[in-house]
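Counting convention: from 1, in listed order, for ligands and their atoms alike.
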Amino acid sequence: MKELISGIPEVQAGLFCAAPMDCGVARRLPVINPHTEQPVLELAETSADQVGRCVEKAKETFARGDWSRAPLLQRQAVLNRTADLIRDNLDEMAALDSVTTGLPYYRAMRGQAAAAAGWFDYFAAALGNMDERLFRQIPQANTLITREPVGVAGLFTPWNIPLMGAALKLAAALAMGNSCIIKPSEQSPLAGARLVELLFEAGLPTGVLHLVNGRGHVTGAALAAHPDVALISFTGGAGAGRFIARAAMDRFAKVTMELGGKSANIIFDDADYEKALKGSLTAVYANNGQACLAGSRIFVHRKIADNFVADFVKRAQGIRIGDPFEAATELGPQASRAQMERVLSFVDVVREEGGEILSGGGRASGFENGFYIDPVVARVESNTSRVCQEEIFGPFAAFMVFDDEDAVIAQANDTAFGLAGYVWSENLGRALRVSGQLRSGYVLVNTAMVRERNAPFGGYAQSGLDREGGRWSLDFYSEAKTTVIPYDDPYIPAPGKTI
Ligand code: NAD
């Protein structure tokens with residue numbers, strides 16, 4: 001493992017800044033391996049001054065046009081080369097994620113790291129197929145609609161998807177010609193840092209991209225509030241999101257917010273039982289249970305509920321918990337002590353509210369170190385329970401029983417969030433009827449944890465603002481410009497008259 005992360009300690013705050021170290025490093029932050037509970041390295045925090053210098057440099061580079069006006073072919077080549085470099089270094093990229101988050105390494109390699117490469121290829125191709133248009137409604141004139149880069153983009157990623165979060169944002173923002181400042185989570189900053197190195201190796205001009213590291217209220221706040229950051233893409237929790245969105249609104253910067261969720265997973269009695277069982281386990285325990293679109297509120301039809309819950313418990317108890325770097329591991333440690341304690345604190349909440357813990361709910365046995373817990377299965381009295389209303393962000397399944405389609409839809413929608421929803425039914429009419437009524441941005445019918453690159457991703461209500469993915473990313477990371485060009489005997493309206 002060690003050799004896979006060698007070299008990374010040099011990836012420090014401001015490495016990609018104009019004059020990195022002469023500003024001094026105010027604070028070093030330990031980055032903890034959740035399997036060993038030991039520090040992997042110390043992260044140098046980027047000060048507010050350093051953030052300012054990075055933004056200045058990014059703005060200069062943008063104005064010079066090295067990347068913002070680079071030919072499409074050049075931008076596409078850099079993105080495609082980055083995808084190849086990620087694929088050449090898949091083991092290292094996955095290891096950097098696993099060592100800081102506890103995500104199972106082999107799954108991260110096949111899943112997240114491969115998907116990260118895929119986003120670079122996707123946006124390179126999308127760039128060549130952009131929907132720019134020509135209108136002719138004005139007599140003797142062509143009206144061109146083009147997309148142009150916005151300026152300096154501030155990109156914030158959370159700790160649970162370090163590489164994929166960074167890849168999705170960087171691929172789209174750079175494709176559209178923006179200069180970027182990326183701020184990874186201080187808990188899992190390694191894969192983002194390595195990705196920045198790979199982008200430069202792939203030919204990205206100096207000064208276009210900067211990496212800043214540190215705590216949210218220090219480094220993140222400085223980036224969010226900087227007047228020259230013209231666009232912010234934020235993925236994380238509602239608290240930080242609210243603060244950042246307000247800062248962005250003060251200067252009308254463009255903003256997307258990809259926030260948390262508490263997604264309903266509805267299993268009808270006409271579902272394919274085995275598929276629904278397998279899919280529901282994936283929906284709640286994938287990514288160590290730390291997924292924004294986790295289907296953690298599970299509603300099962302009364303007719304199948306007893307068997308379904310019993311089988312779910314049996315399978316949950318069979319999940320292989322272990323060292324993220326062992327091939328057989330299905331569930332690694334929680335990403336931090338705070339996260340582990342938070343998940344376990346909800347066990348008491350279930351009991352206090354009259355529910356029952358059917359399985360798990362304590363620290364997993366057999367580990368001397370590490371933030372390991374047994375996956376939790378709970379039966380709760382009602383959807384008003386705190387475990388149904390708050391995002392736990394861990395391997396915690398809360399079961400409820402339902403009888404009636406309309407009633408279950410109402411309960412599914414009784415939440416402050418609106419990120420995802422799951423429907424299991426072999427009746428296509430019902431699946432369409434129910435999915436159409438779920439107040440959430442992403443609905444999966446008879447499947448779990450898949451993402452279509454062309455589709456928008458994002459949530460209703462407190463799950464966020466706007467969308468990324470596919471053409472929604474291309475639109476978000478660019479400004480629409482209208483240019484009217486008369487080509488023959490131009491009609492010029494008299495003052496006060498328009499057409
Ligand atoms: P977080 O909000 O604590 O942090 C996210 C990022 O914002 C980090 O880089 C952090 O340093 C920074 N930050 C925190 N406070 C800040 C502040 N005051 N000013 C500026 N920056 C600040 O989120 P997290 O705990 O890292 O991630 C977990 C959350 O992310 C969960 O709620 C999860 O559902 C959500 N998430 C959403 C999606 C999605 O696509 N909707 C995907 C993954 C995770």
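Side-chain contact of Asn287 with Gln112: a donor-acceptor pair under 3.5 Å is present, judged by distance alone. Judged by distance alone, the side chains of Tyr422 and Ser280 never bring a donor and an acceptor atom under 3.5 Å apart. Side-chain contact of Thr415 with Lys262: a donor-acceptor pair under 3.5 Å is absent, judged by distance alone. The closest side-chain donor-acceptor pair between Asn454 and Tyr122 falls under 3.5 angstrom.
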Exercise. Step by step, would you call Glu201 with Thr82 a side chain to side chain contact (heavy atoms under 4.5 Å, CB included)?
Worked result: CA-CA 8 Å; Glu201 201 178 319; Thr82 305; over 6 Å; no
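Here the closest heavy-atom approach between residue Arg28 and residue Ala44 is recorded as NH1-CB, 4.1 Å. Closest non-hydrogen pair, Gly279 versus Trp424, comes out as CA-CH2, 3.6 Å. Residue Ala294 comes nearest to Ser263 through the heavy atom pair O-CB, 3.4 Å, listed as atom of the first residue, atom of the second, then distance. For the residue pair Val387 and Ala398, the shortest heavy atom distance occurs at CG2-CB, 4.3 Å.
Which parts of ligand 1 touch Pro184 is read off a 4.0 Å heavy-atom cut-off, strictly below it: atoms 9 (O). Of all atoms in ligand 1, listed by their number and element, those nearer than 4.0 Å to a heavy atom of Ala221 are 19 (N), 20 (C). Near Asn160, with a cut-off below 4.0 Å to any heavy atom, the atoms of ligand 1 are 43 (C), 44 (C). Those atoms of ligand 1 that come under 4.0 Å of a heavy atom in Glu186, given as number and element, are 10 (C), 11 (O). Near Gly220, meaning under 4.0 Å from one of its heavy atoms, ligand 1 places the atoms 19 (N), 20 (C), 21 (N). Every atom of ligand 1 is numbered from 1 in the order shown, and the set under 4.0 Å from a heavy atom of Gly260 is 32 (O), 34 (O).
In this comparison of Val218, Leu259, Val212, Ile244, the heavy atom closest to atom 41 (N) of ligand 1 sits on Leu259. When the heavy-atom distances from atom 17 (C) of ligand 1 to Gly216, Ser185, Gly192 are ranked, the shortest goes to Gly216.
Counting heavy atoms under 4.0 Å from ligand 1, residue Cys292 touches it through both backbone and side chain. No part of Thr219 comes within 4.0 Å of ligand 1, judged by heavy-atom distances.
The 12-atom threshold is exceeded at CD of Glu468, counting heavy atoms of other residues, nucleotides or ligands nearer than 6.0 Å.
Of the protein's heavy atoms, none falls inside 4.0 Å of atom 4 (O) of ligand 1. Within a 4.0 Å radius of atom 26 (O) of ligand 1, the protein contributes at least one heavy atom.
The protein heavy atom nearest to atom 32 (O) of ligand 1 is Glu391 OE1, 2.6 Å. Of the protein's heavy atoms, Ala240 CB, 3.3 Å lies nearest to atom 15 (N) of ligand 1. For atom 28 (C) of ligand 1, the closest non-hydrogen atom of the protein is Phe393 CE2, 3.7 Å. Among all non-hydrogen protein atoms, the one lying nearest atom 7 (O) of ligand 1 is Phe234 CE1, 3.2 Å. Among protein heavy atoms, the minimum distance from atom 18 (N) of ligand 1 is reached at Phe243 CD2, 3.7 Å.
For the side chain to side chain contact (heavy atoms under 4.5 Å, CB included) with Leu199, the qualifying choice from Ile182, Leu85, Val208, Leu174 is Leu174, the only one to do so.
In terms of N/O distances under 3.5 Å, ligand 1 is not approached by Ser463. Residue Thr157 places at least one N or O, backbone or side chain, under 3.5 Å from an N or O of ligand 1. Residue Gly237 has at least one nitrogen or oxygen atom sitting less than 3.5 Å from a nitrogen or oxygen atom of ligand 1, judged on distance alone. Backbone and side-chain nitrogen or oxygen atoms of Gly236 are examined, and one is located within less than 3.5 angstrom of a nitrogen or oxygen of ligand 1. In terms of polar-atom proximity, Thr235 is not counted as a contact of ligand 1, lacking any N or O under 3.5 Å from an N or O of the ligand. Inclusion of Trp159 in the set of residues having an N or O under 3.5 Å from an N or O of ligand 1 is warranted.
Aromatic pair Phe476/Trp472: centroids not less than 6.0 angstrom apart. Between Tyr372 and Phe367, a ring centre-to-centre spacing shorter than 6.0 Å is recorded.
Asn33 places no side-chain N or O within 3.5 Å of a backbone atom of Val40 that could act as its donor or acceptor partner.
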